[in-house]
K.L.:
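Submitted below is the structure of interest, expressed as structure tokens.
Start at 1 with the first residue, then count along the sequence.
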Amino acid sequence: PSLPQWNICATSIPMLDDFYPLEKTHAIIKGEDAQTVANRISHQFHSQSIAVSSDEHSCTVVLEDRTELVVQLFWEDKNLVVECQRIHGCRFTFRRLAKVTLQAAKGMAVAPNAAAASTKRPPVPPIPEPTSKSCHSEEALKLALQLIGSDRVDARELGCQSLLQLTTNQAGVSISKQQAQDILKQLPSIDPKISSKKSKSIDSYLRPVSLQILGNLLERAMVTDDLSKEMILSLQQDAQASSDPFTARQAARCLEALRPVTAPMPPPLPPRPVC
């Protein structure tokens, strides 16, 4: 089957204004046809199974983790400028995908699944003091909880992203029962009684990340007994009727981790009598 193309109109591509704040994630391509460059970008997204919505001089990409970016084309004299701009979402994911996109626009060879590489942070260098690691982990958790309690949306988002990394099994951070309960109490958009007081737009934006954090805690069996009936009912509603596929997926993951608690296995059948 033929690969999808990003059909553009060279005459509709705007000229780069002298006062336009061009992002650092851009590339200047000389002596190339604009449609050829657009096809390279489109084929790269297709190879990564990334859905794209496009018009005559820009395209928008939304990834599974809700990272959204826009690829825009400009003319600068006779050179084509390709700019990748992050709208919202994870900065690490954006930087990785922008690098691959600009390489493809230049016609460079891109490794398969380069944009889907692991987002794990580089390993922390060894610390001489044996107790420093636990101290730093506690400080990181306290700082993340303080950010979540902030009135600023960007601070709350940063706090959620920090907790998302700290609560994974790969992070190796030891979390006590009390710390897990503190995280559960302050997670935005989890408790219906608390989330109803927040802005609906903020609630819908932070809820998928909060559900990911809750899923991490549930998989580690940290807060299985601390969820109220209202929270479990909210998870069931999201898993069955949420219009956002990311929210529905994370809610189903939480319910899957809760299954041994909410739906215990039936008792074993008695042994059959010997004839």
K.L.:
Check whether T167 reaches the backbone of L217 with its side chain - one donor and one acceptor, N or O, closer than 3.5 Å.
P.N.:
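A pair under 3.5 Å: no.
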K.L.:
Just by modelled atom types, is the I13 backbone N or O under 3.5 Å from a matching donor or acceptor in the E56 side chain?
P.N.:
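A pair under 3.5 Å: no.
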K.L.:
Considering only distance and modelled atom types, tabulate donor-acceptor pairs under 3.5 Å from the side chains of residues 71-79, sequence neighbours left out.
P.N.:
from, atom 1, to, atom 2, distance (Å)
Q72, NE2, Y20, OH, 3.4
Q72, NE2, E83, OE1, 3.0
W75, NE1, A10, O, 3.1

K.L.:
If hydrophobic clusters are built by linking Ile, Leu, Val, Met, Phe, Trp and Tyr wherever their side-chain heavy atoms come under 4.5 Å apart, do L147 and V209 end up in the same one?
P.N.:
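No: no chain of side-chain contacts under 4.5 Å links L147 to V209.
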K.L.:
Partners of F94 by ring pair (Phe, Tyr, Trp, His ring centres under 6.0 Å), sequence neighbours excluded?
P.N.:
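Per chain and number, F94 pairs via ring pair (Phe, Tyr, Trp, His ring centres under 6.0 Å) with no residue.
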K.L.:
Determine whether L80 and D33 make a side-chain contact, defined as any pair of heavy atoms from C-beta on separated by less than 4.5 Å.
P.N.:
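Side-chain contact under 4.5 Å: no.
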K.L.:
Between CG of L143 and CD of Q146, what distance do you get to the nearest 0.5 Å?
P.N.:
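Interatomic distance, L143 CG to Q146 CD, rounded to 0.5 Å: 6.0 Å.
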K.L.:
Could you state the interatomic distance from SG (C254) to CD (Q212), rounded to the nearest 0.5 Å?
P.N.:
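Going from the SG atom of C254 to the CD atom of Q212 covers 9.5 Å.
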K.L.:
Please walk me through it: do T25 and Q85 pass side chain to side chain contact (heavy atoms under 4.5 Å, CB included)?
P.N.:
CA-CA 7 Å; T25 49; Q85 188 177 66; over 6 Å; no
K.L.:
Taking L16 as the starting point, is it possible to reach V82 by hopping between hydrophobic residues whose side chains are less than 4.5 Å apart?
P.N.:
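No, V82 and L16 fall in different hydrophobic clusters.
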K.L.:
Whether the side chain of T101 engages the backbone of L97 through a donor-acceptor N/O pair (distance < 3.5 Å, no angle test) should be reported.
P.N.:
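Yes; at least one donor-acceptor contact below 3.5 Å.
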K.L.:
Would a hydrophobic clustering, with Ile, Leu, Val, Met, Phe, Trp and Tyr connected at side-chain separations under 4.5 Å, put V81 with I8?
P.N.:
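In one cluster: no.
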K.L.:
Start with the C-alpha distance between S58 and D55, add both sets of side-chain angles, then the distance that settles side chain to side chain donor-acceptor pair (under 3.5 Å), and finish with yes or no.
P.N.:
CA-CA 6 Å; S58 66; D55 56 26; 2.9 Å; yes
K.L.:
Please determine whether residues V62 and F45 belong to a single hydrophobic cluster, defined as Ile, Leu, Val, Met, Phe, Trp and Tyr linked transitively by side-chain heavy-atom distances below 4.5 Å.
P.N.:
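In one cluster with V62: F45, no.
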K.L.:
If I take atom SG from residue C160 and atom CD from residue Q165, how far apart are they, to the nearest 0.5 angstrom?
P.N.:
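The SG atom of C160 sits 12.0 Å away from the CD atom of Q165.
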K.L.:
For A27 and K106, work out which heavy atoms get closest and say how close.
P.N.:
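In this case the closest contact between A27 and K106 is CB-CE, 3.5 Å.
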K.L.:
Any side-chain heavy atom of L166 within less than 4.5 Å of one from I213?
P.N.:
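No; the side chains remain at least 4.5 Å from each other.
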K.L.:
Between atom CD1 of I29 and atom CG of L102, what is the distance when rounded to the nearest 0.5 Å?
P.N.:
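CG of L102 is found 8.0 Å from CD1 of I29.
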K.L.:
Out of curiosity, S162 OG to E157 CD, how far, rounded to the nearest 0.5 Å?
P.N.:
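S162 OG to E157 CD: 10.5 Å, rounded to 0.5 Å.
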K.L.:
Same hydrophobic cluster for I28 and L22, using side-chain heavy-atom links shorter than 4.5 Å among ILVMFWY?
P.N.:
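Yes.
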